[in-house]
Every structure is written in C-alpha cells, then in structure tokens.
Amino acid sequence: MPYVAETIARLKKSAPAEVEFYQAVEEVLTSLRPLLDKNPKYRKHGIIERIVEPERQISFRVSWIDDKGHVQVNKGYRVQYSSAIGPYKGGIRFHPTVYSGIIKFLGFEQIFKNSLTGLAIGGGKGGSDFDPKGKSDNEIMRFCQSFMTELYRHIGATVDVPAGDIGVGGREIGYMYGQYKRLTGSYEGVLTGKKLNWGGSLARTEATGYGAVYFAQNMLEGRGDSLNGKTCVVSGAGNVAIYTIQKLHQLGAKAVTCSDSRGFIYHEKGIDLALLKQLKEVEGASLEKYLETHKDAKYTPVSAYPAGRNAVWSVPCQAAFPSATQNELNEADAKELLKNGCICISEGANMPSTPEAVEAFLKAKICYGPGKAANAGGVATSQLEMAQNGSMQQWTFEEVDAKLKDIMKNIYIRASEAAAEFGEPTNLVLGANIAGFRKVADAMIDQGVV
Ligand code: NDP
C-alpha cells in the first residue's frame with residue numbers, strides 16, 4: 001500500500017469513528033503526495049507517521065454546579081499536536097458537538113496554519129461539549145473555572161497558549177484567565193483573546209474576519225480584480241462573520257447575508273452591521289429579530305432550507321465567506337455558488353467546505369482560499385498579542401492591523417509559490433498544505449526522533 005494510504009489506514013484503526021479528523025488528514029496527506037514523492041527524506045524520518053499523532057492528548061472531567069444547585073458534568077479536551085516550531089497554540093471551543101474527533105481535526109489543521117503564518121507557533125486545540133447557550137453568567141464562570149482547574153497544569157506562556165473559538169470569546173477567556181492566575185499566582189500571557197485592559201491586543205477581535213477578507217483581496221488582486229463593488233455572501237453571525245462583514249463594507253463590497261444555527265438573513269441593501277452587533281454581541285438574540293428593524297430583509301429558518309442544503313449559499317454573489325462551522329457547504333451548495341457566478345471563496349471557518357465542494361472549486365479554478373490559509377489572521381494576531389505581553393508593550397490598532405495585512409499577504413505568496421512549484425498555480429489547497437508542512441517537517445528532522 002502506498003505511504004499516504006498506509007498511514008491513513010493505520011490512523012482509522014487506532015482512532016475509530018473520528019470522521020472529521022480523517023477528513024482533515026486525508027485532505028492534507030493527499031495534497032502532500034507530490035512533495036513526498038520528490039523528497040524521500042520525509043519517509044525515511046517517519047514524518048507522516050509522526051505528524052498525524054498528537055504529541056499529547058489530555059481529556060478530563062469538568063464538574064460544576066448550575067444555578068439550581070445541580071451537579072453538571074462535561075468533557076474537557078486539550079490536544080497538544082506539534083511543538084516542532086513553537087509552543088502549542090490554538091483555540092478552545094465550547095459547543096455540544098465537541099468530541100475528540102473535532103478537537104483532533106482542528107489541532108491537526110492548526111499545525112499547518114500556524115506554520116504558514118511564518119511565526120514561531122506550534123499546533124494545538126482544546127474544548128468541551130459544554131453548551132454556553134442559555135447559561136447564566138455565573139454558570140459560565142463556574143464552568144470556566146472548573147475547566148481551567150484541570151487545564152492550568154498543562155499550559156504556560158512558553159508551553160501552550162490557548163485562545164477562543166466557537167462559544168469562547170472575551171468573557172470566557174476572562175473567567176479562565178482569572179482562574180489560571182488564582183491557581184498559579186502568575187500574571188503571564190497564557191491565553192490570547194484577552195480584553196484590552198488586562199493584556200489583550202488591539203485588533204485581535206477583528207483579526208480572523210479582517211484576515212479572511214485581506215486573503216480574498218490578495219487572491220483577487222493576483223488575477224487583476226478586487227473586492228470593490230462585489231456582492232458577498234457570509235455565513236455565521238459570530239466573531240468571524242461580524243468582522244468579515246465589517247471589513248467587506250470598508251473595502252467597498254456589500255455583504256448581503258449572515259446566518260446562525262436557526263436560519264439566515266438576506267438583506268439586499270447590505271447587512272446592517274450595527275444592528276447585527278447589537279443582536280449578537282449584546283443581546284444574544286435570534287437573527288429573526290433583525291426583521292423588526294428592517295422590513296425589507298428576508299429571514300429563512302433552517303426548517304425551510306431544501307433538504308441536504310445550506311440555503312445561504314443559494315443567494316447569488318461574486319464572493320463567499322463561510323464563517324460558521326465545519327462542513328457547512330457541500331457539493332450541491334458549491335455547484336449553486338458556481339452556477340450563480342461566484343468567483344472567490346475565502347474560508348473564515350475551519351474546514352467549512354466538504355471534500356466534494358473543495359473539488360468543485362478547484363476544478364472551476366476560481367479563487368479558493370482554504371481555511372488554514374484564509375483564517376490564519378486570528379492565530380497570527382494571537383501571536384502578536386503574545387509578543388506584546390512578552391515585551392510588556394501595547395501596539396496601536398493601526399500597527400497590529402498593518403502587521404496582519406502583511407502576514408496575510410505573505411501567507412498568500414507562500415501558498416501560491418508552493419502551488420506553482422508543483423505545477424498547479426491556482427491550487428491553494430496544495431500550496432498551503434505543502435508550504436505549511438515543509439517548515440514543520442524540516443524542523444522535526446533537525447530535532448531528531450522525538
Ligand atoms: P462564534 O461562536 O463567535 O460564532 C459561530 C457562528 O456560527 C454563530 O453564528 C453560530 O450560530 C454559527 N454556528 C456554529 N455552529 C453551527 C452549526 N453547527 N450550524 C449552523 N451555524 C453554526 O465562533 P467564531 O466566529 O469564533 O468561529 C466561527 C468559525 O471560525 C469556526 O469554524 C472557528 O473554528 C473558525 N475560526 C475562528 C477563529 C477566531 O479567532 N474566533 C480563528 C480561526 C478560525 P449559533 O450562535 O446559532 O450557534
């Protein structure tokens with residue numbers, strides 16, 4: 001059996017039923033084939049066998065008391081995937097769908113994403129099946145404190161530096177940071193995504209969404225085009241989606257949709273960002289409430305989506321920004337986007353397109369920015385937060401944003417150059433995977449069999 005297939009088969013046997021993890025591994029390893037064929041050293045040093053195996057996986061019980069005095073128990077995870085080029089770095093996700101396969105897929109992707117940024121950060125990811133929805137502030141605090149009471153012994157400013165992800169924003173980072181400090185007595189940059197008055201970085205909140213838009217702009221400029229005047233479809237209504245919409249509007253594009261787990265808004269005039277922020281960042285309300293202010297917008301509940309489809313992708317657009325969650329865009333959705341004239345996809349979310357959808361985009365040779373390249377602005381700015389914490393400085397918004405823009409441009413260049421080197425100049429999946437992998441793999445060879 002060939003090298004890549006052999007590794008995937010062994011993985012499926014040793015980690016049964018972790019489907020999202022297999023999906024991520026198959027995508028990466030398949031696109032590495034031309035590199036592996038050309039460079040037998042990676043096989044000789046067992047790089048593929050080693051890189052698919054996390055250096056460490058921590059799984060723990062998180063017990064806490066709800067407001068009614070009842071005991072609740074959730075599962076907690078931290079996967080420390082690779083420290084070949086820096087301390088483990090990657091977010092924490094709180095969502096009921098979290099299980100080991102989700103955390104491992106995210107951690108695995110994170111290795112290559114972090115490498116692509118050009119910064120010294122390894123790959124990791126964590127989370128819990130805890131659902132923050134409908135919980136009081138006190139319940140969130142008690143849960144976060146209990147989660148950190150186990151996690152604190154495994155992390156540190158030069159060891160592993162978690163950040164936010166789905167369900168984890170400034171409030172949760174705050175409660176976890178407070179508990180870390182209480183347990184260790186140390187005020188250090190052990191988490192990123194902190195609020196500004198206690199060690200956070202300006203532009204971190206905006207970074208993932210802004211970065212996905214900068215990446216789209218780079219891809220389009222590479223073809224003599226730009227975002228200016230384009231109609232854009234965005235999924236999600238959380239951190240990434242909100243700041244994607246903000247940057248699109250700043251650059252003269254028009255975002256006409258946003259979505260959450262219950263449905264989506266289509267507003268032909270362009271999404272009212274101030275209202276969206278009020279609904280999602282302040283009230284935590286359903287998107288349906290958007291209609292109370294804008295009668296000319298349309299709300300479609302998930303129950304009205306055609307079977308097996310995510311209706312947001314049926315809205316005609318020239319550029320699309322999947323910014324909600326994994327596998328939210330399938331082959332039929334991809335074909336509909338292409339049929340309606342979409343020429344650019346920039347993934348704010350992690351692995352939002354199914355393998356068949358990715359195939360359709362690559363075949364059409366449109367601008368397609370895979371998540372590990374397009375959404376790397378978030379983790380890159382987290383690293384900038386670490387740098388500010390380490391030097392006890394705070395940079396201005398403009399300084400951080402300029403660095404972010406530069407990093408996104410360099411990621412685009414690295415991925416495009418690697419794609420061209422292997423004879424597929426428009427294939428940024430191949431380019432991003434090869435460019436990200438090569439740096440980590442060479443570091444692993446230098447550091448010996450560990
Ligand atoms: P948030 O929790 O802020 O927002 C997530 C949004 O996606 C919400 O609108 C949520 O709707 C929606 N959503 C989540 N799960 C589903 C689902 N199963 N079906 C439909 N809608 C869903 O998360 P973020 O914006 O931070 O993260 C979004 C994506 O971006 C994730 O894939 C994350 O891994 C990725 N990412 C985030 C980074 C960051 O810096 N935050 C960095 C890089 C990638 P509802 O509220 O109704 O659940």
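All ligand and atom numbering here is 1-based and tracks the order in the structure. Residues take their numbers from the sequence shown, with the count starting at 1.
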Where does the angle between the aromatic ring planes of [X] and [Y] fall among parallel (under 30°), tilted (30 to 60°) and perpendicular (over 60°)?
X: Y187; Y: Y177; answer: perpendicular
X: Y412; Y: F215; answer: perpendicular
X: H267; Y: H294; answer: tilted

For ligand 1, run through the N/O pairs with the protein that fall under 3.5 Å and put one pair on each line.
from: ligand 1; atom 1: 2 (O); to: G167; atom 2: N; distance (Å): 3.0
from: ligand 1; atom 1: 3 (O); to: N239; atom 2: N; distance (Å): 2.9
from: ligand 1; atom 1: 9 (O); to: A237; atom 2: N; distance (Å): 2.9
from: ligand 1; atom 1: 11 (O); to: S261; atom 2: N; distance (Å): 3.3
from: ligand 1; atom 1: 25 (O); to: N239; atom 2: N; distance (Å): 3.2
from: ligand 1; atom 1: 25 (O); to: V240; atom 2: N; distance (Å): 2.9
from: ligand 1; atom 1: 30 (O); to: G348; atom 2: O; distance (Å): 3.4
from: ligand 1; atom 1: 32 (O); to: N350; atom 2: N; distance (Å): 3.2
from: ligand 1; atom 1: 34 (O); to: R93; atom 2: NH2; distance (Å): 2.9
from: ligand 1; atom 1: 34 (O); to: D165; atom 2: OD1; distance (Å): 2.7
from: ligand 1; atom 1: 34 (O); to: D165; atom 2: OD2; distance (Å): 3.3
from: ligand 1; atom 1: 34 (O); to: N350; atom 2: ND2; distance (Å): 2.8
from: ligand 1; atom 1: 40 (O); to: R204; atom 2: NH1; distance (Å): 3.4
from: ligand 1; atom 1: 40 (O); to: R204; atom 2: NH2; distance (Å): 3.1
from: ligand 1; atom 1: 40 (O); to: T208; atom 2: OG1; distance (Å): 2.7
from: ligand 1; atom 1: 47 (O); to: S261; atom 2: N; distance (Å): 2.9
from: ligand 1; atom 1: 47 (O); to: S261; atom 2: OG; distance (Å): 2.5
from: ligand 1; atom 1: 48 (O); to: K133; atom 2: NZ; distance (Å): 2.7
from: ligand 1; atom 1: 48 (O); to: S261; atom 2: OG; distance (Å): 3.4

*Indicate whether any N or O donor in one side chain lies under 3.5 Å from an N or O acceptor in the other, for Q246 and Y210.*
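Yes.
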*Taking atom types as modelled and ignoring hydrogens, do the side chains of S226 and Q217 form a donor-acceptor contact shorter than 3.5 angstrom?*
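Side chains of S226 and Q217: no pair found under 3.5 Å.
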Validation: residues 385-393 side-chain donor-acceptor distances under 3.5 Å, sequence neighbours left out:
from: E385; atom 1: OE1; to: G193; atom 2: N; distance (Å): 2.9
from: E385; atom 1: OE2; to: G193; atom 2: N; distance (Å): 3.1
from: E385; atom 1: OE2; to: K194; atom 2: N; distance (Å): 3.3
from: E385; atom 1: OE2; to: K194; atom 2: NZ; distance (Å): 2.8
from: Q388; atom 1: OE1; to: W395; atom 2: N; distance (Å): 2.9
from: Q388; atom 1: NE2; to: S201; atom 2: OG; distance (Å): 2.9
from: Q388; atom 1: NE2; to: L384; atom 2: O; distance (Å): 3.1
from: N389; atom 1: OD1; to: K194; atom 2: NZ; distance (Å): 2.7
from: N389; atom 1: ND2; to: G199; atom 2: O; distance (Å): 2.9
from: S391; atom 1: OG; to: A387; atom 2: O; distance (Å): 3.0
from: S391; atom 1: OG; to: Q388; atom 2: O; distance (Å): 3.4
from: Q393; atom 1: OE1; to: W395; atom 2: NE1; distance (Å): 3.3

